[in-house]
Amino acid sequence: MIDLLNEEINKFLLSYPNIADEKLNEIQKKYSSSITDNLDKGHVTTNICMIAASNLKQNPKDIATALVEWLKKTKKFEKVESAGPGFVNITLQRSDFVSIINNINQKSQKFGESDYGNNKSVQIEFVSANPTGPLHVGHGRGAAYGDAIGRILSSSGYKVEKEYYINDAGRQIDILTASVFARIYEDDFNGFFPKSAYKGTYVSEIALAFKDKNNYKLDVDKSLIENLPGDEEKEIDELILRIKNNYEKWADIKAFALDEVLNGIKTDLKSFNVTYDKWYSESSLGDIGDNESKIKKAIDSLIKTKLAYKDNGAIWLDTSRSGDDKNRVLIRDDGRATYFASDVAYHKDKIDRGFDKLINVWGADHHGYIKRIEASIEGLGFDKEKLDVQLVQFANLFKDGKKVKMSTRSGDFYSLADLINEIGTDAARFYYLSKQADQHLDFDLNLAKADSKENIFYYIQYAHARICSLIEKYNKNYGSMPKDATAIISSSYINCDKLIHEMSKYPHIVLRAAIALQPHLIIYYLKDFAQSFHSFYNDNKVLTESKENTDSIVYCLNAAKIIIANGLKLLGIEPIEKM
RNA sequence: GCGCCUGUAGCUCAGCUGGAUAGAGCAACUGCCUUCUAAGCAGUGGGUCAGGAGUUCGAAUCUCUUCAGGCGCGCCA
């Protein structure tokens with residue numbers, strides 16, 4: 001519909017006297033035509049006259065008058081008028097306007113898709129929580145967000161691959177292993193448990209499962225826990241060291257614990273309707289001591305470019321030349337690689353895999369980390385624009401007006417699984433996505449369960465369910481779905497016009513959401529659209545109209561149902577048919 | 001101190017690459033169920049878009065600055 005207008009505008013520009021090619025280009029690039037926000041401005045509108053006026057130093061209203069004359073002569077539009085400071089508003093011919101619902105009904109689930117992405121490949125890495133315990137509600141937001149932008153991008157013509165990076169190589173995993181170890185021998189150790197070990201009940205469960213699986217009483221040397229340092233961090237580190245060196249089952253416990261926790265995470269994500277194409281393990285990057293490992297090779301190539309250098313016994317990366325506050329350590333003076341070194345190798349590997357674009361979804365507390373990872377990408381000779389880091393702010397959960405705490409180590413937390421149990425996957429995803437990701441979110445559990453308009457989730461679902469119910473009744477009366485909307489095209493029934501106009505905006509909303517990586521735009525659109533529907537539903541009786549009118553309305557409402565369903569599916573939410 | 005984010009109605013927030021009288025929900029007040037789902041609809045009141053300066057036909061939106069709040073600045077991950 002907009003194309004129809006732009007085509008004529010371009011012809012108009014070419015016919016316009018005294019425009020240099022350069023100016024013409026500039027104007028064509030800058031102006032925009034769009035769907036009006038409101039029917040009393042017609043169907044589509046353009047700001048071309050204002051843009052042209054500033055470029056040509058002419059009065060916008062004069063240009064508008066000329067354009068209006070031109071457009072009228074084409075006879076392709078129902079009505080053309082200039083308005084305000086120089087907008088030109090167009091009312092489409094009836095059949096052009098109504099054609100949107102034919103389009104929706106025909107394309108059905110595919111309506112809203114585009115080839116904007118040109119089949120470029122995008123990799124989205126998200127959640128990637130340390131596998132040291134179950135996912136908590138803080139992780140839920142990144143999960144919902146990463147998954148939703150994955151869906152939105154693939155519907156916009158990108159080839160999307162979703163990946164989870166498993167941090168299975170660091171100190172946190174050692175602490176998990178030591179925690180499980182300590183629970184296994186809690187009785188032998190007379191109730192001893194390290195102060196900063198993971199205290200969640202899942203640790204005890206893993207310990208129990210490990211004992212069951214091994215099916216025999218494992219001996220342990222009690223001196224392992226004697227005379228440990230008092231400081232809680234030193235205590236756990238010393239314990240880890242002793243177990244590693246003196247206890248043969250260390251690796252078994254570690255592998256077992258990791259496996260258990262990871263399976264839990266996978267199960268939780270699955271029930272949260274989040275799927276991954278790949279689970280990438282940090283340990284697969286290999287050991288820094290191994291010349292053939294990915295991590296060693298990545299660091300070596302940085303050393304070759306002289307961006308990485310040795311100082312004070314450690315290997316540093318010059319990240320400050322790319323705007324970081326200070327340089328960062330890659331290899332510690334004792335020869336161990338830092339987390340950063342793994343991450344450098346990981347990002348090199350991602351780029352080597354040939355993606356056109358990488359999107360990292362990170363918690364907002366990692367924003368200080370962006371500069372240094374960009375620096376490493378540049379240092380390796382890649383374009384840092386390939387990487388797009390999307391920050392997700394924490395979500396504060398409120399229950400009965402009180403803030404719900406979350407912390408993995410203390411074991412006192414509200415898990416993602418708890419949340420799903422309490423309000424369901426769909427409502428949870430919906431509220432996580434209801435605000436721009438990089439802003440703080442207050443998530444009110446009571447609201448998510450409320451049965452009033454305040455609960456936007458149900459407000460939207462209710463619109464869908466109402467349409468489903470109407471269609472069901474229609475089918476019972478008339479047998480099959482109507483094939484067109486003759487009463488609407490002929491203008492004998494015009495009460496659906498606002499709905500149709502709103503529906504025509506949908507593809508633009510999806511595109512905007514894809515470009516800006518902002519799923520919340522879809523939520524706000526759906527809310528407004530549901531509002532329009534409920535209003536229509538209240539003012540109009542559908543099934544008691546004449547057969548011709550009813551046919552047209554149902555045809556139109558079926559399109560409305562498709563819009564809501566498609567929008568929700570982009571968010572990973574199933575539309576509800578009966579409430 | 002440096003960096004990032006935020007400041008829009010009493011509250012929670014929308015507001016597209018600058019565009020036509022700044023929007024919604026909640027809260028307050030008023031109406032609408034013998035008829036397709038009242039988890040609904042219609043209406044009223046409520047704003048120096050934190051303050052100031054600039055850019056321009058036009059600024060909540062862009063630039064600078066002041067104020068206020070949040071977060072991040074380990075040879076942790």
Side-chain angles (χ1 to χ4, degrees), chain A residues 29-30 32 34 36-38 41 45 47 50-51 53-54 57-61 83-87 89 130 132 167 169-173 175 233 282 312-316 323-326 328-334 336-343 363-371 391 393-394 434-436 438-442 444 447 450-463 465-474 477 508-509 511-513 515-516 518 520-521 523-525 527-528 530-531 533-545 550 578-579:
Chain A
K29 239 168 73 185
K30 260 185 95 179
S32 66
S34 56
T36 60
D37 36 72
N38 174 333
K41 293 173 184 163
T45 183
N47 64 358
M50 271 124 47
I51 300 295
S54 71
K57 303 268 178 284
Q58 293 181 20
N59 186 332
K61 295 206 172 189
F87 290 100
N89 295 340
N130 282 337
T132 54
N167 296 126
R171 174 170 176 259
Q172 300 302 326
I173 296 300
I175 296 177
E233 295 299 323
E282 180 185 358
N312 225 342
I315 307 233
W316 298 70
D324 200 1
D325 303 342
K326 50 172 284 194
R328 308 288 172 175
V329 171
L330 288 164
I331 313 291
R332 299 179 179 94
D333 56 8
D334 62 4
R336 282 154 51 235
T338 58
Y339 173 83
F340 177 47
S342 299
D343 229 11
D365 53 335
H366 284 65
H367 77 80
Y369 199 78
I370 297 175
K371 282 256 165 66
L391 297 177
Q393 275 289 357
F394 290 119
S434 66
K435 216 183 145 181
Q436 209 167 309
D438 64 353
Q439 287 179 34
H440 290 279
L441 171 74
D442 288 338
D444 185 338
L447 175 62
D451 52 359
S452 70
K453 184 175 179 176
E454 204 183 347
N455 185 348
I456 319 165
F457 174 65
Y458 282 112
Y459 183 74
I460 295 168
Q461 293 282 22
Y462 187 38
R466 273 180 151 177
I467 299 174
C468 288
S469 155
L470 282 176
I471 290 176
E472 195 187 312
K473 288 200 166 70
Y474 176 92
N477 290 349
H508 304 278
I509 300 290
L511 197 59
R512 267 181 56 206
I515 292 169
Q518 294 182 340
H520 79 282
L521 296 174
I523 287 188
Y524 278 91
Y525 168 80
K527 192 201 75 184
D528 288 344
Q531 162 106 273
F533 167 76
H534 285 306
S535 175
F536 170 84
Y537 183 89
N538 230 266
D539 292 345
N540 300 278
K541 291 287 169 228
V542 176
L543 300 172
T544 52
E545 283 280 342
T550 300
K578 267 199 169 62
M579 290 174 68

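Worth saying up front: this structure is predicted, and the values here are computed from it rather than measured. Worth knowing before you read on, the calculation uses all heavy atoms, side chains too, and leaves out hydrogens, waters and symmetry mates. So that the names make sense, note that chain A is the first sequence line, chain B the second, and so on, each numbered from 1.
- Consecutive Watson-Crick or G-U pairs involving RNA chain B, each under 3.5 Å on both distances, make up stems of three or more pairs at B:1-7 with B:67-73, B:10-13 with B:23-26, B:28-32 with B:40-44, B:50-54 with B:62-66.
- The nearest heavy atom of RNA chain B to Y369(A) and to F394(A) marks one nucleotide each, and the one closer to the 5' end goes with F394(A).
- Residue contacts for Y524(A): at a heavy-atom cut-off of 4.0 Å it reaches the sugar-phosphate backbone alone, with no base atom in range.
- Rounded to a whole angstrom, the distance from the C1' atom of A60(B) to that of A9(B) is 14 Å.
- Within the nucleic acid shown, D325(A) comes within 4.0 Å of sugar-phosphate atoms alone, with no base atom in reach, counting heavy atoms only.
- Ring pair F340(A)/Y369(A) is perpendicular by interplanar angle, where above 60° counts as perpendicular and below 30° as parallel.
- Distance, Y537(A) OH to G40(B) P: 13 Å, rounded to whole Å.
- A distance of about 14 Å separates the C1' atoms of G46(B) and G23(B), rounded to the whole Å.
- Panel note: side chain N47(A), backbone S32(A); a donor-acceptor pair is recorded below 3.5 Å.
- F340(A) has its CZ atom 20 Å from the P atom of G72(B), to the nearest Å.
- Across the protein-nucleic acid pair, H367(A) atom NE2 and G3(B) atom P stand 12 Å apart, rounded to whole Å.
- N312(A) comes within 4.0 angstrom of a base, heavy atoms only.
- For the P atom pair drawn from G3(B) and U63(B), the interatomic distance equals 15 Å after rounding to whole Å.
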Contacts under 3.5 Å, N or O only, protein and nucleotides 15-19 of chain B:
residue, atom, partner, partner atom, Å
G15(B), OP1, H520(A), NE2, 3.2
C16(B), O4', R512(A), NH2, 3.2
C16(B), O2, R512(A), NH1, 3.2

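- Between M50(A) and F87(A), some side-chain heavy-atom pair lies under the 4.5 Å cut-off.
- Contact annotation for D324(A): no contact, since no heavy-atom pair falls under 4.0 Å across all strands.
- Residue T544(A) is classed as having no contact, given no heavy-atom separation below 4.0 Å to the nucleic acid.
- Across C16(B) and A22(B), the matching C1' atoms stand 15 Å from one another, rounded to whole Å.
- A glycosidic torsion no more than 90° from 0 defines the syn conformation, and C33(B) adopts it.
- With hydrogens and angles ignored, the 3.5 Å screen pairs a side-chain donor or acceptor of N455(A) with a backbone N or O of L447(A).
- Side chain T45(A) to base A20(B): a donor-acceptor pair is found below 3.5 Å.
- As rounded to the nearest Å, C26(B) and C64(B) have C1' atoms that lie 38 Å from one another.
- The distance from atom NE2 of H534(A) to atom P of C41(B) is 6 Å, rounded to the nearest whole Å.
- Between F536(A) and F533(A), the ring planes lie tilted relative to each other; the angle falls in the 30° to 60° range.
- Whole-Å rounding puts the K435(A) NZ to A24(B) P distance at 20 Å.
- Between G25(B) and A59(B), the two C1' atoms lie 27 Å apart (nearest whole Å).
- The nearest whole Å value for the distance from the CD1 atom in I456(A) to the C1' atom in A14(B) is 10 Å.
- With salt bridges taken as basic N to acidic carboxylate O contacts below 4.0 Å, one links D334(A) and R336(A).
- A27(B) and C41(B) have their P atoms separated by 13 Å, with the value rounded to a whole Å.
- Looking at heavy-atom distances under 4.0 Å, S469(A) makes contact with a base.
- Looking at heavy-atom distances under 4.0 Å, K527(A) makes contact with sugar-phosphate atoms alone, never a base.
- Residue E454(A) contributes atom CD, which lies 12 Å from atom P of G25(B) at whole-angstrom precision.
- Atom CZ in F536(A) sits about 19 Å away from atom P in G40(B), given to the nearest Å.
- G45(B) and A50(B): their C1' atoms are spaced 25 Å apart (whole Å).
- No side-chain N or O of Q172(A) forms a donor-acceptor pair with one of T132(A) less than 3.5 Å apart.
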